[in-house]
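Heavy-atom basis, side chains included; hydrogens, waters and symmetry copies ignored. Order of the sequence lines sets the chain letters (A, B, ...), proteins ahead of strands, with each chain counted from 1. All values derive from a computational prediction rather than experimental measurement.
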Protein chains: 2
Amino acid sequence: MSRPLTARQQHVFDFIVKTMGEFGYPPTRAEIAKALGFRSPNAAEEHLRALERKGAIRIIRNTSRGIRLPNQEPQEVVDSTISALPAANIEASPAGLPVIGEVAAGSPILAAEHIDRYCPLPAEYFTPKADYLLRVRGLSMKDIGILEGDLLAVHRTERVRDGQIVVARLDDEVTVKRFKRQGHQVTLFAENADFAPIEIDLRSQSLDIEGVGVGVIRGGNGQALG
Amino acid sequence: MSRPLTARQQHVFDFIVKTMGEFGYPPTRAEIAKALGFRSPNAAEEHLRALERKGAIRIIRNTSRGIRLPNQEPQEVVDSTISALPAANIEASPAGLPVIGEVAAGSPILAAEHIDRYCPLPAEYFTPKADYLLRVRGLSMKDIGILEGDLLAVHRTERVRDGQIVVARLDDEVTVKRFKRQGHQVTLFAENADFAPIEIDLRSQSLDIEGVGVGVIRGGNGQALG
DNA sequence: TCGATAAGTGGTTAAGTATACAGTATGTTC
DNA sequence: GAACATACTGTATACTTAACCACTTATCGA
C-alpha cells in the first residue's frame, strides 16, 4: 500500500483539513505556502503531489482549490468493516468530534489522515462520552438501526460488557458488532439475519477492542436520509 | 428581515449545497451556469448576489469558489419554505436545536411547552438545515433505521417530494412516514412490514406537512444504544 | 401605462490559481 | 560516494475565476 506521511506532509495535510472545516473550501497552493511559511507555492505543489501519491488526498487537475479528501466513496465492503491506511496520532480536536472514514490495517484509528471532518458536538453529549465518530460500512447492524454511512459515536475503552455494541479489530479489520464473552470464547453478533456470528477463541486469535458504541448520527453534511 | 428565495434562486442554492456535499468545495460561477443551463456566468453571479442579499450564502470577494453557507450566524438566514408555515415560533435558540417530545393534538409543534431540552448542534449541520429534533415514537420506520426514542432532525417546509421522509399531521396526530403523491391522492408509507400504508384523499381529508426528515440522532443524554 | 424586479445573453478584464522548469541543500541507503 | 528522496527557493506561463458593463425580455403590482 502506501507509506506513512512525513512530519512535514502531515502538517500540510492537517492544514488542508483545518481549512476545509473552517472555511468550507480547500486552500490554494499559495495559501498553503503562506500558512506553512514557504516562500514559493511550488513547495506546496510538491507536497500535494506527495500526499496524492500516498493516497491521503485526491487532486482534481486544473481546478482551483481542487483538493479532495477521499472519504465517502462507496466501496464493495460486505461487512460493517472499514478499509486501509497508515499511522500517526491526533492532537486535541479543534471543533468537536473527529469523524473517521477509512481506517487502515495495522494503524490506529485516531490517525490524522483518517479524519474527514469534525462534527460540532461536544463529547459529553453522549454517555459515556464519545471520543470519535466512525463512519459505518455495510449493513450488518441494520436491525438495530445502524446503517451504511451512519456515524457511530464511539467511547474508547477496552472494558466492555456482554450485550454492548463494540468496535473491534479482528485480523486488522475494524468491525462493529454486539459483544458476548464466555470464558476464552468471544462471539461477535451481527444484527442482521444475513450475517453469521463470528466466533473468536482468545487462546489462538487476537481481538482488540477499540471502544463501545454510544450513539448514532445520520444525515449530517449532505448525507441523504431514507 | 429578508425576503424568501424565488424558485430559481432556490435551485441555485440547492446546487451549491449539493456541490459542496459531493465534491467538498463550492462551485464557480461557470459551473453554476452550466448546471442550471445559463449561457453566461453572469446569470450565476447575479443569483449569487441575490442569495447573499437574502442571507442564504456569504460571498468571499475575489476568491475562487468563495461561497460559504453561514453556519454559526443564524441571523437573517431565511428559507423560503418556512415563511408559509404558522408562526408559533421559537426564538433563535442560543443552545442549539430544540428537542420536541410529546406534541399535543391541535397545537403547533414548535410551542415552548413541548421543548424538552436543546441539542448543541448547529442547524446547518444538516442539509437542508434542521429546525428542530422530534423524538420518535413507535417502530413504523424501523427498516430505515429510525427507532423508538431516536431524535429525527426536521427541516420545516410544506414543499415535499415523493419518496421523502416527512413529518405530517393527520387528524391532529403527528406522524413520520415516507411520502408519495398522485394527484389528489397521498400515500404515507411506513418502513416496517407490520404497518399498512395510509391513504389520504386531499379532497375529503386534510393533511398538514410539518417538514421533512434530514437526519437522525440516537444515544444522546443517557439514551441507550442497542 | 409605468416602474420595479427577476432572469437572462454576451463580452471584457484583472486577479487568482495551477503547474511547469531550473536550481540548492540535506539527509538516507547501498 | 553515487543514487535517490525530501524539502525547499525563484521565476514564468497559461488557464481559471470573479466581477464588471451594456443590453434584452418577461412578469407583476400600482
Exercise for the section: Mark up nucleotides 7-18 of chain D, 5' to 3', with B wherever a protein heavy atom is under 4.0 angstrom from a base atom, S wherever such an atom reaches only the sugar-phosphate, and - elsewhere. Expected result: SBBB-----SSS
Sequence-distant partners of [X], side chain to side chain contact (heavy atoms under 4.5 Å, CB included), two or more places apart:
{"X": "B:Gln205", "answer": "B:Ile200"}
{"X": "B:Ser40", "answer": "B:Asn42"}
{"X": "A:Arg159", "answer": "A:Thr157"}
{"X": "A:Arg39", "answer": "none"}

Handout entry: Crowding at CD, B:Glu199 (>12 non-hydrogen neighbours, <6.0 Å)
Key =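 Above 12, so yes.
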Handout entry: ring pair (Phe, Tyr, Trp, His ring centres under 6.0 Å) partners for B:Phe38, two or more places apart
Key =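 Testing B:Phe38 for ring pair (Phe, Tyr, Trp, His ring centres under 6.0 Å), a comparison that skips the adjacent residues, returns B:His47.
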Problem - Whole angstrom value for the distance that separates C1' of C:dA20 from CG of A:Leu48 - result: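 Atom-to-atom, A:Leu48 to C:dA20, this comes out as 15 Å.
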Exercise for the section: Grab the CD1-C1' distance between B:Ile32 and C:dG8 for me, whole Å please. Expected result: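 Nearest whole value for this atom pair: 15 Å.
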Handout entry: salt bridge (charged side-chain N to carboxylate O under 4.0 Å, His left out) against B:Asp208, all qualifying residues, sequence neighbours excluded
Key =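 By the salt bridge (charged side-chain N to carboxylate O under 4.0 Å, His left out) rule, B:Asp208 matches no residue at all.
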Handout entry: Results of side-chain hydrogen bond (donor to acceptor under 3.5 Å, both in side chains) for B:Glu191 - residues two or more places apart only
Key =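 Listed in chain order: B:Arg178.
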Handout entry: the helix from C:dT1-D:dA30 to C:dC30-D:dG1: angle between end helix axes, five pairs per end, rounded to 10 degrees
Key =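 Answer for the end axes of this duplex: 40°.
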Exercise for the section: Output yes when at least one side-chain N/O atom of A:Arg53 is less than 4.0 Å from OP1 or OP2 of D:dT6, else no. Expected result: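 Affirmative; the distance criterion is met.
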